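The structure appears right after this line, and notes come after that.
Every heavy atom of this structure was used, including side-chain atoms; hydrogens, water molecules and symmetry mates were not. Computed from a predicted model, the values in this text were never measured in an experiment.
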Amino acid sequence: IKLEDAREELDKKLKNLESMEVKAPVTGIFYRPLVNLGNSKEKIQPGKSVSGGTKIAEIVNFEKFVSRIYAVQSDAISISPGDRVQLEITANPGEKLSGKVQEIEAFPISRKERLSDQGPGGALKEVEIKVELDQAFDWMRPGMSLMAIVSTTLEKNQLVIPLAALLNVDSKFFVKTQHQSSNELQEVQLGHSSLTEAVITSGIKAGDVLIIPPTSP
């Protein structure tokens, strides 16, 4: 008797689902975004289960685009919100676009988690960086791939030196100036840094002549 009651209840719910009409709030292009299904991201399919609150469909607004780029940790530490970005979308080569860094994820994610890469590259950890494009065009669509160059902006009116002049000793940074002897080093405090330069907040002053140590062949 319980089994028959359960079947009747299930049939009733199935009929209710079949009769439901979900109306779109606006006119537009309908998209199915990628969702977390197990250990990978896929588009929802009949028979698949998702967690409550998961977005399984959306009507996309093409007036504004945010791109996601991924940088290795050593590069990501030099990038800050507000930095300018030059972009080129693969589907439209030659079209130069621009944007700015909007948000940087606090924690990196491995390529195995993000792309289900089971090879040696799967262990590489990258940081997700969201870039807001300055302008949108009619030919743009979600999911397009792109190339991006991020220009890190250092603080204005600050003392900036090349990274090549820095020596890292036990997680402390030192430089050598012209007036020091061969074995003397001056400890410095770093501010923001880019891929090639660093801001010095204390330790040396403008006008000091730095000696860049030779690199090993």
Side-chain angles (χ1 to χ4, degrees), residues 36 38-41 66-88 96-134 145-217:
N36 290 317
N39 294 323
S40 62
K41 284 193 171 184
V66 173
S67 171
R68 287 177 169 83
I69 61 176
Y70 295 86
V72 294
Q73 291 173 280
S74 58
D75 290 346
I77 59 174
S78 301
I79 300 173
S80 301
D83 285 346
R84 300 299 302 171
V85 183
Q86 295 179 350
L87 306 124
E88 183 173 325
K96 302 298 182 182
L97 307 175
S98 61
K100 67 178 179 179
V101 175
Q102 183 185 67
E103 182 181 343
I104 302 172
E105 287 295 325
F107 301 100
I109 184 172
S110 70
R111 287 190 172 182
K112 182 177 181 180
E113 295 175 278
R114 183 167 66 89
L115 303 172
S116 300
D117 185 349
Q118 302 299 323
L124 180 64
K125 290 189 174 182
E126 298 170 314
V127 177
E128 182 182 285
I129 300 169
K130 294 181 181 178
V131 176
E132 181 181 343
L133 273 65
D134 293 335
S145 57
L146 53 81
M147 295 181 292
I149 300 175
V150 182
S151 300
T152 302
T153 304
L154 299 180
E155 291 93 332
K156 294 181 179 180
N157 301 320
Q158 294 287 335
L159 181 61
V160 178
I161 68 170
L163 290 182
L166 287 172
L167 294 171
N168 188 342
V169 181
D170 297 329
S171 300
K172 294 183 179 180
F173 293 95
F174 299 84
V175 296
K176 185 177 180 181
T177 61
Q178 194 176 50
H179 65 267
Q180 291 171 307
S181 66
S182 58
N183 295 323
E184 288 181 325
L185 293 174
Q186 176 65 46
E187 184 176 358
V188 294
Q189 301 298 321
L190 300 188
H192 188 58
S193 63
S194 70
L195 298 179
T196 57
E197 299 174 317
V199 171
I200 304 298
T201 59
S202 65
I204 56 175
K205 63 182 183 300
D208 287 344
V209 178
L210 302 182
I211 298 177
I212 298 179
T215 57
S216 302

With rounding to the nearest 0.5 angstrom, report the [atom1] to [atom2] distance, [X] to [Y].
X: I69; Y: E128; atom1: CD1; atom2: CD; result: 10.0 Å
X: S98; Y: I149; atom1: OG; atom2: CD1; result: 12.5 Å
X: Q102; Y: L133; atom1: CD; atom2: CG; result: 10.5 Å
X: M147; Y: L87; atom1: CE; atom2: CG; result: 10.0 Å
X: R68; Y: E103; atom1: CZ; atom2: CD; result: 9.0 Å
X: K176; Y: L167; atom1: NZ; atom2: CG; result: 9.5 Å

Could you report the tightest heavy-atom contact between [X] and [Y], atom names first, then the distance?
X: P108; Y: V127; answer: CB-CG2, 4.0 Å
X: I212; Y: P162; answer: CD1-CG, 4.3 Å
X: L163; Y: A198; answer: CD2-CB, 3.6 Å

State which residues pass side chain to side chain donor-acceptor pair (under 3.5 Å) with [X]; sequence neighbours excluded, sorted by chain then number.
X: D117; answer: none
X: S110; answer: E113
X: S145; answer: T90
X: E88; answer: K96

Q: Could you go through the side chain to side chain contact (heavy atoms under 4.5 Å, CB included) check for V199 and L159 one step at a time?
A: CA-CA 6 Å; V199 171; L159 181 61; over 6 Å; no
Q: Apply side chain to side chain contact (heavy atoms under 4.5 Å, CB included) to L124 and list each qualifying residue two or more places apart in sequence or on a separate chain.
A: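 V72, R111, E126.
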Q: Not counting sequence neighbours, which residues clear side chain to side chain contact (heavy atoms under 4.5 Å, CB included) with L210? List them please.
A: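 So L210 forms a side chain to side chain contact (heavy atoms under 4.5 Å, CB included) with I161, A165, V175, T177, I204.
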(Q) Using side chain to side chain contact (heavy atoms under 4.5 Å, CB included), reason through Q118 and K112 one step at a time and then give a plain yes or no. (A) CA-CA 6 Å; Q118 302 299 323; K112 182 177 181 180; 3.6 Å; yes
**Q.** Which residues share a salt bridge (Lys or Arg N to Asp or Glu O under 4.0 Å) with E132, sequence neighbours left out
**A.**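 Residues passing salt bridge (Lys or Arg N to Asp or Glu O under 4.0 Å) with E132: K64.
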Q | Evaluation steps, side chain to side chain contact (heavy atoms under 4.5 Å, CB included), between V188 and L166 | A | CA-CA 9 Å; V188 294; L166 287 172; 3.9 Å; yes
Q | Selection residues 198-210 - residue pairs positive for side chain to side chain donor-acceptor pair (under 3.5 Å), sequence neighbours left out | A |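 Qualifying pairs: K205-D208.
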